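Convention: sequence-line order gives letters A, B, ...; per-chain numbering from 1. It should be emphasised that the depicted structure is a prediction, and the values quoted were computed from it without experimental measurement.
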4 protein chains.
Amino acid sequence: MPDQTYSDARAGPGRRRSEPTRLAILDAAYDLVVRKGYAAVTTAEIAAAAGAGKQTIYRWWASKPALVLDALQHRGEVEIDPEFPSDQPLSSFFQRVCAAATRAAPVLRSLMAEAQFDTALRAELKARLIERRRDALRQTLIRAGITDLRQREALVLALYGAVWYRLLLDEPLDDAFIAAMIELARPAGSGSD
Amino acid sequence: MPDQTYSDARAGPGRRRSEPTRLAILDAAYDLVVRKGYAAVTTAEIAAAAGAGKQTIYRWWASKPALVLDALQHRGEVEIDPEFPSDQPLSSFFQRVCAAATRAAPVLRSLMAEAQFDTALRAELKARLIERRRDALRQTLIRAGITDLRQREALVLALYGAVWYRLLLDEPLDDAFIAAMIELARPAGSGSD
Amino acid sequence: MPDQTYSDARAGPGRRRSEPTRLAILDAAYDLVVRKGYAAVTTAEIAAAAGAGKQTIYRWWASKPALVLDALQHRGEVEIDPEFPSDQPLSSFFQRVCAAATRAAPVLRSLMAEAQFDTALRAELKARLIERRRDALRQTLIRAGITDLRQREALVLALYGAVWYRLLLDEPLDDAFIAAMIELARPAGSGSD
Amino acid sequence: MPDQTYSDARAGPGRRRSEPTRLAILDAAYDLVVRKGYAAVTTAEIAAAAGAGKQTIYRWWASKPALVLDALQHRGEVEIDPEFPSDQPLSSFFQRVCAAATRAAPVLRSLMAEAQFDTALRAELKARLIERRRDALRQTLIRAGITDLRQREALVLALYGAVWYRLLLDEPLDDAFIAAMIELARPAGSGSD
DNA sequence: GTATAACCGAGACGGTACGTCGGGTCTTTGG
DNA sequence: CCAAAGACCCGACGTACCGTCTCGGTTATAC
């Protein structure tokens with residue numbers, strides 16, 4: 001299933017949307033942002049790198065951050081856990097979350113930053129990224145024996161909160177961090193890992 | 001301790017920096033950002049509102065975000081807990097943190113966002129805001145009976161992480177949130193609220 | 001022959017330069033300079049008056065004076081003598097020169113002034129204004145019976161020199177001035193007017 | 001007679017104007033303008049070069065061009081002919097005029113240019129430079145046998161007009177130019193030089 | 001001597017224009 | 001109707017310079 005909403009089964013006449021161009025734009029956007037940072041990348045630059053015109057970008061995406069969000073999702077880095085309802089234990093789940101977040105760090109940080117100035121983007125970001133990740137973690141926590149709903153929600157905020165917090169502040173999501181956070185999530189009374 | 005770094009003890013001749021102007025700029029910056037949002041405020045606008053020249057801003061601050069960080073700190077909103085080494089229990093400490101963060105939310109969010117595009121600002125933000133807050137929380141946690149260093153650090157990341165996470169995503173720092181997070185911090189084995 | 005140098009015969013795709021905008025800018029520039037004086041007119045003001053963006057001006061003209069030179073030439077005021085190789089007698093030729101120069105005085109003075117600070121503009125001014133006028137006068141002098149080349153060149157400098165001299169010093173190019181200068185140009189030995 | 005208007009015979013107390021500073025400013029102004037061109041020189045730069053403060057300049061001169069005009073006159077370059085009512089023949093008088101104008105060309109050109117945007121400066125320029133030169137030339141023409149007032153005035157405009165015209169257009173005031181202009185001034189019927 | 005006042009260098013100040021840059025729209029030619 | 005190219009409007013940016021104001025400090029009279 002494609003990660004965009006437009007249906008290609010258009011009826012009317014006219015040229016169809018070029019799939020190669022769409023992919024080239026997404027790739028160029030992702031690569032440039034990771035390499036040079038979001039703010040240093042211009043729409044014109046992405047278009048040029050993709051061999052596309054600026055208008056082709058704005059025909060299909062509402063704005064630069066919307067494009068970058070799409071690019072992130074398309075690259076699948078965001079699919080921190082591709083097989084969505086994962087049945088892995090919490091520690092390895094969280095490990096994968098951190099690894100993926102580290103890889104996509106420049107894009108994630110830019111998006112969160114832009115989302116502060118752009119309500120629509122913020123909504124998109126929450127719907128397409130944040131909420132999906134929360135759901136996956138909730139499932140994992142249930143399987144890990146966190147039966148109390150309230151505690152589960154608290155842990156969702158604590159774990160993802162800490163991940164973003166460190167990401168945004170340039171602090172590494174290293175093993176020590178991962179271990180410390182996992183320990184927080186241990187159900188009361190459980191003796192060992 | 002004053003909130004500015006420049007030393008006022010200049011030796012040489014020449015007109016001194018105008019303190020009224022400095023204060024007017026900081027006030028104008030803070031008020032405009034809170035009222036209209038960071039991105040909608042221009043340097044020229046701040047200067048005009050302060051009855052100052054644009055150059056006077058650029059003479060003393062490296063950029064708009066640097067100014068806003070100063071303005072935030074000056075306004076003391078950042079002093080989430082003015083009596084720094086607080087001896088209050090964790091729950092009321094965290095309550096005050098959340099209340100202050102809610103008040104200054106537009107400024108905090110803008111600064112964190114800009115810091116993603118500006119390394120120097122990020123360093124400033126960490127040194128002048130993030131680290132101070134962490135220290136205060138560490139003290140409070142010690143007094144709350146969290147004796148394990150590692151657990152304490154994990155809680156610092158979890159609590160502040162969750163605060164920022166919700167702040168940046170426009171989710172309220174309400175009583176339910178506060179209660180849930182406090183519960184996480186209860187030392188293992190402590191039986192009740 | 002059009003008064004612009006850019007070749008409109010572009011091959012490739014892309015939006016064409018907007019002719020209405022070009023004309024609006026030239027008109028706005030000319031009118032504003034005549035009305036308010038060169039130094040009091042800003043690029044932004046010209047752009048606004050023309051309903052154009054500042055960037056559109058800087059895309060096509062190197063600087064404010066370059067634009068004003070173009071505007072002057074476009075307005076045809078510069079065509080002090082539109083039917084270029086004129087066959088009118090010297091006195092009426094010079095009369096027309098003075099009348100046109102008086103009309104365009106603010107623009108001419110500003111351009112000559114700016115040309116003192118800008119080598120490229122000076123070259124443009126000489127090529128597109130000064131030399132053309134000199135040629136027209138040379139023709140007229142030949143027809144007026146000034147056969148000696150050296151004397152002709154001296155008269156060219158004397159007549160145009162005096163015109164500019166008085167123009168720049170705010171002295172009128174009135175009938176008395178015209179008559180006195182014409183008398184200078186009378187070929188030696190010719191008895192009467 | 002000094003070339004400034006302020007009378008030093010002040011009554012009251014207070015420090016007297018520093019003559020060394022005054023001279024240093026005039027020299028710095030003249031040299032910088034000749035070397036770098038008027039537009040490229042700032043008031044602050046002149047002050048620094050003279051080891052003076054900006055305020056010291058603005059205390060005594062109304063503006064940058066006023067200062068430069070003074071500097072020109074002080075340097076005596078403007079005193080094209082120091083022994084004012086000269087009794088030399090026209091050809092050597094004009095030769096000296098051209099030589100002096102060539103030396104001071106950058107300053108003269110800048111002043112004439114600035115005068116286009118500044119009415120007060122234009123008046124000063126005419127009174128202190130233009131009119132004095134015209135008077136000297138009138139005397140010389142009388143002695144050269146140009147008895148007709150009208151013709152004399154025409155020649156004044158023609159000769160100085162041509163000098164300025166060539167100066168402003170970067171054309172040399174060379175021997176050929178001088179000879180051609182002198183010839184124009186030969187009284188009707190006079191056979192040789 | 002001791003006030004008083006104008007000077008001096010230094011440099012911050014309010015203001016205005018500059019020329020550049022990027023976002024997002026519009027308009028061509030061509031497929 | 002889509003695509004590349006690129007001109008367009010808009011508006012913020014940070015810089016530069018102008019001429020003024022304000023420092024601490026330095027001469028000079030005038031008392």
Quick one: [X] [atom1] to [N] [atom2], roughly how many Å, whole number?
X	N	atom1	atom2	value
R17(D)	dC8(E)	CZ	P	7 Å
D118(C)	dC18(E)	CG	C1'	15 Å
E114(B)	dA12(F)	CD	C1'	13 Å
Y38(D)	dC18(F)	OH	C1'	11 Å
I25(C)	dC10(F)	CD1	P	12 Å
W61(C)	dC18(E)	CH2	P	15 Å
I57(B)	dA12(F)	CD1	C1'	13 Å
R16(D)	dA28(F)	CZ	C1'	6 Å

Carboxylate-amine/guanidinium proximity below 4.0 Å for R122(C) and E114(C):
no
Counting the atoms with a prime plus P, OP1 and OP2 as sugar-phosphate, which does [X] contact under 4.0 Å by heavy atoms, base, sugar-phosphate, or nothing?
X	answer
A52(C)	sugar-phosphate
K54(D)	base
S63(C)	nothing

Close side-chain approach of R109(C) and Y38(C), heavy atoms under 4.5 Å
no
Is there side-chain contact between P65(A) and F117(A), with at least one heavy-atom pair below 4.5 Å?
no
Hey, which sits more toward the 5' end of DNA chain F by its nearest nucleotide, A44(B) or A39(D)?
A44(B)
Consider the side chain of R15(D), meaning its heavy atoms from C-beta on, and name the nucleotide among dC13(F), dC8(E), dG19(F) that approaches it most closely.
dC8(E)
Closest to the Q55(B) side chain, choosing from dT15(F), dG19(E), dG9(E)
dT15(F)
Would one find a side-chain N or O of [X] under 4.0 angstrom from OP1 or OP2 of [N]?
X	N	value
T43(B)	dC13(F)	yes
R59(A)	dA3(F)	yes
T56(A)	dA4(F)	yes
Y58(D)	dT20(F)	no
W60(B)	dA12(E)	no
T21(C)	dC9(F)	yes

Assign each of G51(B) and E45(C) the nucleotide of DNA chain E bearing its closest heavy atom; nearer the 5' end lies the nucleotide of G51(B)
Which is more 5' along DNA chain E, the nucleotide nearest G53(B) or the one nearest K64(C)? Just name the residue.
G53(B)
Would you tell me whether T43(C) and Y58(C) have side-chain atoms, one donor and one acceptor, within less than 3.5 Å of each other?
yes
Main chain of T42(C), side chain of E45(C): is a donor-acceptor contact present, judged purely on distance under 3.5 Å?
yes
Passing option when D70(A) is tested against R75(A), R128(A), K64(A), R22(A) for salt bridge (charged side-chain N to carboxylate O under 4.0 Å, His left out):
R128(A)
